[in-house]
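All of these numbers come straight from a predicted model, not from anything done at the bench.
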Amino acid sequence: MFILSQCLVAVATLLDLASFQFKSRQIILMCLFSSVLLTSIHFLLLDNLSAAALMLIAALRYGYCIFARKQWVMYGFMGLSVFAVLITWQSWFSFIALTATLVQTYASFQSKDLLLRCLMVVGTVCWITHNLLIFSPVAVVMETVFLLSNLLGLWRFYVNPRTVTP
């Protein structure tokens with residue numbers, strides 16, 4: 001199961017790599033929806049139920065955010081995430097995953113691309129920490145690639161925007 005879990009998260013890595021190279025918020029979120037769905041299955045195969053539940057909720061969240069961003073729904077996803085961790089708690093690693101999820105949930109509901117990207121950096125650092133602690137090497141690579149892709153996108157679109165052709 002470990003090898004299969006790592007293969008699934010490798011495909012998710014490719015989706016993450018692509019995600020922040022798009023300017024469109026909707027395309028970013030479609031890539032993230034697909035990526036976290038695969039990552040949820042990856043955590044399930046590793047018997048990490050808290051992270052699997054949080055990633056499944058994140059996939060639903062990204063799917064919802066493609067089409068709408070009602071503030072009350074954001075709080076619903078946050079509450080659902082807290083509830084999921086309470087019923088699947090395995091160790092303090094679950095708290096790190098929850099922190100990452102809550103930050104990224106808040107990010108998903110932001111209308112400004114720059115704020116979404118900056119908050120995603122914080123959440124991604126939490127996921128990298130979590131994945132190091134549970135020993136999922138390809139998931140660490142995936143989140144690191146996601147972080148680097150996001151930072152590259154920030155550079156291209158906000159720090160040095162003349163490198164982007166219309």
Between atom CZ of Phe157 and atom CG of Leu152, what is the distance when rounded to the nearest 0.5 Å? 8.5 Å

Within this structure, what is the SG-CG distance for the pair Cys7 and Leu38, rounded to the nearest 0.5 Å? 11.5 Å

In a table with atom names and distances, give each donor-acceptor pair under 3.5 Å that connects a side chain of residues 132-141 to protein atoms at least two apart or in another chain.
{"residue": "Ser136", "atom": "OG", "partner": "Gln6", "partner atom": "NE2", "Å": "3.2"}
{"residue": "Ser136", "atom": "OG", "partner": "His42", "partner atom": "NE2", "Å": "2.7"}

Reported CG-to-CG distance for the pair Leu45 and Leu8, which is rounded to 0.5 angstrom: 6.0 Å

Mind checking who shares a hydrophobic cluster with Leu148, ILVMFWY linked at side-chain heavy-atom distances under 4.5 Å? none

What pair of heavy atoms forms the shortest contact from Leu46 to Ser5, and how long is it? CD2-OG, 3.4 Å

For Met120 and Leu147, run side chain to side chain contact (heavy atoms under 4.5 Å, CB included): C-alpha distance rounded to whole Å, both residues' side-chain angles, the deciding distance at 0.1 Å, then the answer. CA-CA 8 Å; Met120 284 295 188; Leu147 178 63; over 6 Å; no

Same cluster for Leu4 and Leu15 if Ile/Leu/Val/Met/Phe/Trp/Tyr side chains link at under 4.5 Å? yes

Tell me whether the count of non-hydrogen atoms from other residues, nucleotides or ligands lying under 6.0 Å of CZ in Phe83 goes above 12. no

When rounded to the nearest 0.5 Å, the distance separating CD1 of Ile28 from OG of Ser149 is 9.0 Å

Are Val82 and Val85 connected in a single hydrophobic cluster, I mean Ile/Leu/Val/Met/Phe/Trp/Tyr linked by side-chain heavy atoms less than 4.5 Å apart? yes

I want to check something: taking the side chain as every heavy atom from C-beta on, are Asn160 and Arg156 in contact at a cut-off of under 4.5 Å? no

Is there a chain of hydrophobic side chains (I, L, V, M, F, W, Y, each step under 4.5 Å between heavy atoms) that links Val145 to Met142? no

Under 4.5 Å between side-chain heavy atoms, hopping through other hydrophobics if needed: is there a path connecting Phe146 to Val9? no

Identify every side-chain donor-acceptor pair in residues 51-79 under 3.5 Å, counting partners at least two apart or on other chains, and give the distances.
{"residue": "Arg61", "atom": "NE", "partner": "Ser108", "partner atom": "OG", "Å": "3.2"}
{"residue": "Arg61", "atom": "NH1", "partner": "Thr105", "partner atom": "OG1", "Å": "2.6"}
{"residue": "Tyr64", "atom": "OH", "partner": "Lys70", "partner atom": "N", "Å": "3.2"}

Only distances under 3.5 Å count here; give the side-chain donor-acceptor pairs of residues 88-102 to other protein atoms, sequence neighbours excluded, each with its distance to 0.1 Å.
{"residue": "Thr88", "atom": "OG1", "partner": "Ser50", "partner atom": "OG", "Å": "2.8"}
{"residue": "Thr88", "atom": "OG1", "partner": "Ala84", "partner atom": "O", "Å": "2.6"}
{"residue": "Gln90", "atom": "OE1", "partner": "Leu49", "partner atom": "N", "Å": "3.0"}
{"residue": "Gln90", "atom": "NE2", "partner": "Asp47", "partner atom": "O", "Å": "2.9"}
{"residue": "Ser91", "atom": "OG", "partner": "Phe93", "partner atom": "N", "Å": "3.1"}
{"residue": "Ser94", "atom": "OG", "partner": "Ser50", "partner atom": "OG", "Å": "3.0"}
{"residue": "Ser94", "atom": "OG", "partner": "Gln90", "partner atom": "N", "Å": "3.3"}
{"residue": "Ser94", "atom": "OG", "partner": "Ser91", "partner atom": "O", "Å": "3.3"}
{"residue": "Thr99", "atom": "OG1", "partner": "Phe95", "partner atom": "O", "Å": "3.0"}
{"residue": "Thr101", "atom": "OG1", "partner": "Ala97", "partner atom": "O", "Å": "3.0"}

Side chain to side chain contact (heavy atoms under 4.5 Å, CB included) partners for Leu14, two or more places apart: none

Summary of side-chain hydrogen bond (donor to acceptor under 3.5 Å, both in side chains) pairs that have at least one residue in residues 26-37, sequence neighbours excluded: Asp16-Ser35

Kindly compute the distance separating CG (Leu37) from CG (Leu32), expressed to the nearest 0.5 Å. 12.0 Å

Is there a side-chain contact between Asn48 and His130 in this structure, where contact means two heavy atoms from C-beta onward sitting under 4.5 Å apart? yes

Give, for atom CG of Leu114 and atom CG of Leu154, the distance between the pair rounded to the nearest 0.5 Å. 6.5 Å

